[in-house]
Participant: 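Below is one structure. I have some questions about it.
Being a predicted model, the structure only gives us computed values, none of them experimental. Both ligands and their constituent atoms are indexed starting at 1 by order of listing.
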Amino acid sequence: MFITRLIYCSELSGVDKDAITNILQVSRQKNAKAGITGMLLFNGVYFLQCLEGSRDAVNETYHRIVHDNRHSRPVLLTCEELSQRDFTDWDMAYVPWTAEIRSIVRCFSVDDEFDPYKLGAQSAIGLFRALRDRLPDNEFWSKPLQTA
Ligand code: FAD
């Protein structure tokens, strides 16, 4: 069976950045039930998220997400079929904004400041893989901590 991978970006809207705590908690519960894995990067302003799972589950989840009024300007960066997942271990790995993360992100950005709307699809995929590979046992993966 193939896996669908979808990556989008969006911008925090109408709520405080502490809303990430609730977003993550609900996301992880729902994703675990739906067989969705992935990663969410948040710098306090922008979201960049990767969702992986069955085509039906990814579609259903993405449609719910885009109607969420806690963010705005959702833009789909890529949606494609894969033979296997990149993020087998995480219902939704959370990547908080730290100096270490910022230095990795910079390698994939066109500007010094992180702006996911300027990322190409391949850069977004490369960034998620770099985060996964370089920080495998980071204690922050599962905790909503500091943002910019
Ligand atoms: P309900 O819980 O009934 O909520 C309906 C709407 O009410 C929401 O869309 C939102 O606009 C609003 N709302 C809900 N809770 C709050 C709150 N605490 N404060 C303010 N407004 C609220 N869901 C997933 O299942 N998987 C994901 O990977 C995922 N990633 C997300 C990433 C981002 C950046 C955001 C903003 C949301 C994400 N969500 C994710 C949450 C998703 O949008 C839904 O809110 C969630 O799945 C619950 O769906 P529901 O239909 O039960 O909505």
Participant: Can you find an N/O atom of R70 closer than 3.5 Å to an N/O atom of ligand 1?
Facilitator: yes
Participant: Can you list the atoms of ligand 1 that are under 4.0 Å from a heavy atom of M92?
Facilitator: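 Atoms satisfying the 4.0 Å criterion: 28 (O).
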Participant: When rounded to the nearest 0.5 angstrom, what is the spacing between CG in D91 and NZ in K33?
Facilitator: 11.5 Å
Participant: What protein heavy atom is closest to atom 49 (O) of ligand 1, reported as residue, atom name and distance in Å?
Facilitator: R64 CD, 3.4 Å
Participant: Using a 4.5 Å cut-off on heavy atoms from C-beta on, say whether the side chain of L41 contacts that of I101.
Facilitator: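 In contact.
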Participant: Which pairs with one or both residues in residues 34-60 pass salt bridge (charged side-chain N to carboxylate O under 4.0 Å, His left out), sequence neighbours excluded?
Facilitator: R55-E81, E60-R64
Participant: Look up atom OG in S10 and atom OH in Y46, then write down how far apart they are to the nearest 0.5 Å.
Facilitator: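 Interatomic distance, S10 OG to Y46 OH, rounded to 0.5 Å: 11.0 Å.
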Participant: Specify whether F87 and W90 have parallel, tilted or perpendicular ring planes, treating 30° as the upper limit for parallel and 60° as the lower limit for perpendicular.
Facilitator: tilted
Participant: To the nearest 0.5 Å, what is the distance between CD on Q49 and OH on Y8?
Facilitator: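 Reported to 0.5 Å precision, the distance equals 3.5 Å.
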Participant: Could you name the option among S27, A19, G14 that has the heavy atom nearest to atom 27 (C) of ligand 1?
Facilitator: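 Residue with the shortest heavy-atom distance to the ligand atom: S27.
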Participant: Which residue supplies the protein heavy atom nearest to atom 18 (N) of ligand 1, what is that atom called, and how far is it?
Facilitator: N22 OD1, 3.2 Å
Participant: With sequence neighbours left out, which residue pairs that include part of residues 118-127 fulfil the side-chain hydrogen bond (donor to acceptor under 3.5 Å, both in side chains) condition?
Facilitator: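 Every pair satisfying side-chain hydrogen bond (donor to acceptor under 3.5 Å, both in side chains) with a residue in residues 118-127: D111-K118.
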Participant: Within the supplied structure, the quantity of interest is the number of heavy atoms (other residues, nucleotides, ligands) at a distance under 6.0 Å from E113 CD; does it exceed 12?
Facilitator: no
Participant: Any protein heavy-atom neighbour for atom 9 (O) of ligand 1 (distance below 4.0 angstrom)?
Facilitator: yes
Participant: With no hydrogens and no angle check, just 3.5 Å: does a side-chain donor-acceptor pair link R70 and N22?
Facilitator: yes
Participant: Using non-hydrogen atoms of the residue, decide whether Y46 is closer than 4.0 angstrom to ligand 1.
Facilitator: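 For ligand 1, residue contact (heavy atoms, under 4.0 Å) with Y46 is absent.
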Participant: Atom 35 (C) of ligand 1: which protein heavy atom is closest, and how many Å away?
Facilitator: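 In this structure, atom 35 (C) of ligand 1 has I23 CG2, 3.7 Å as its nearest protein heavy atom.
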Participant: Show which atoms of ligand 1 fall inside a sub-4.0 Å distance from at least one heavy-atom site of Y8.
Facilitator: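 Near Y8, the atoms of ligand 1 are 32 (C), 33 (C), 34 (C).
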Participant: Is there at least one protein heavy-atom neighbour under 4.0 Å from atom 3 (O) of ligand 1?
Facilitator: no
Participant: Out of T61, D68, I65, who is nearest to atom 45 (O) of ligand 1 when you count heavy atoms only?
Facilitator: D68
Participant: Could you tell me which atoms of ligand 1, counted from 1 in the order shown, lie closer than 4.0 angstrom to a heavy atom of F47?
Facilitator: 34 (C)
Participant: F108 and L119: which non-hydrogen atoms are nearest, and at how many Å?
Facilitator: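 Between these two residues, the closest heavy atoms are O-CD2, 3.1 Å.
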Participant: What do you think, any protein heavy atom under 4.0 angstrom from atom 39 (N) of ligand 1?
Facilitator: yes
Participant: Would a search of protein heavy atoms around atom 29 (C) of ligand 1 find one under 4.0 Å away?
Facilitator: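 There is a protein heavy atom less than 4.0 Å from atom 29 (C) of ligand 1.
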Participant: Specify side chain, backbone, both or neither for H71, according to which of its non-hydrogen atoms lie closer than 4.0 Å to ligand 1.
Facilitator: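 The side chain, only.
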Participant: Which residue holds the protein heavy atom closest to atom 48 (C) of ligand 1, what is that atom called, and what is the gap in Å?
Facilitator: K30 CE, 3.5 Å
Participant: So does V75 get a backbone contact from the side chain of Y117, meaning a donor-acceptor N/O pair under 3.5 Å?
Facilitator: no
Participant: I'd like to check which ligand 1 atoms, numbered from 1 as shown, lie under 4.0 Å from a non-hydrogen atom of N31.
Facilitator: 24 (C), 25 (O), 26 (N), 27 (C), 28 (O)
Participant: Could you check whether atom 43 (O) of ligand 1 has a protein contact, counting only heavy atoms that fall below 4.0 angstrom?
Facilitator: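 When distances to the protein are checked, atom 43 (O) of ligand 1 has a heavy atom within 4.0 Å.
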Participant: Heavy atom under 4.0 Å from ligand 1: found in N69's side chain, backbone, both, or neither?
Facilitator: both
Participant: Passes side-chain hydrogen bond (donor to acceptor under 3.5 Å, both in side chains), R85 versus T37? Steps please.
Facilitator: CA-CA 8 Å; R85 295 172 193 254; T37 52; 2.8 Å; yes
Participant: Please state which part of L51 comes within less than 4.0 Å of ligand 1, counting heavy atoms only: side chain, backbone, both or neither.
Facilitator: side chain
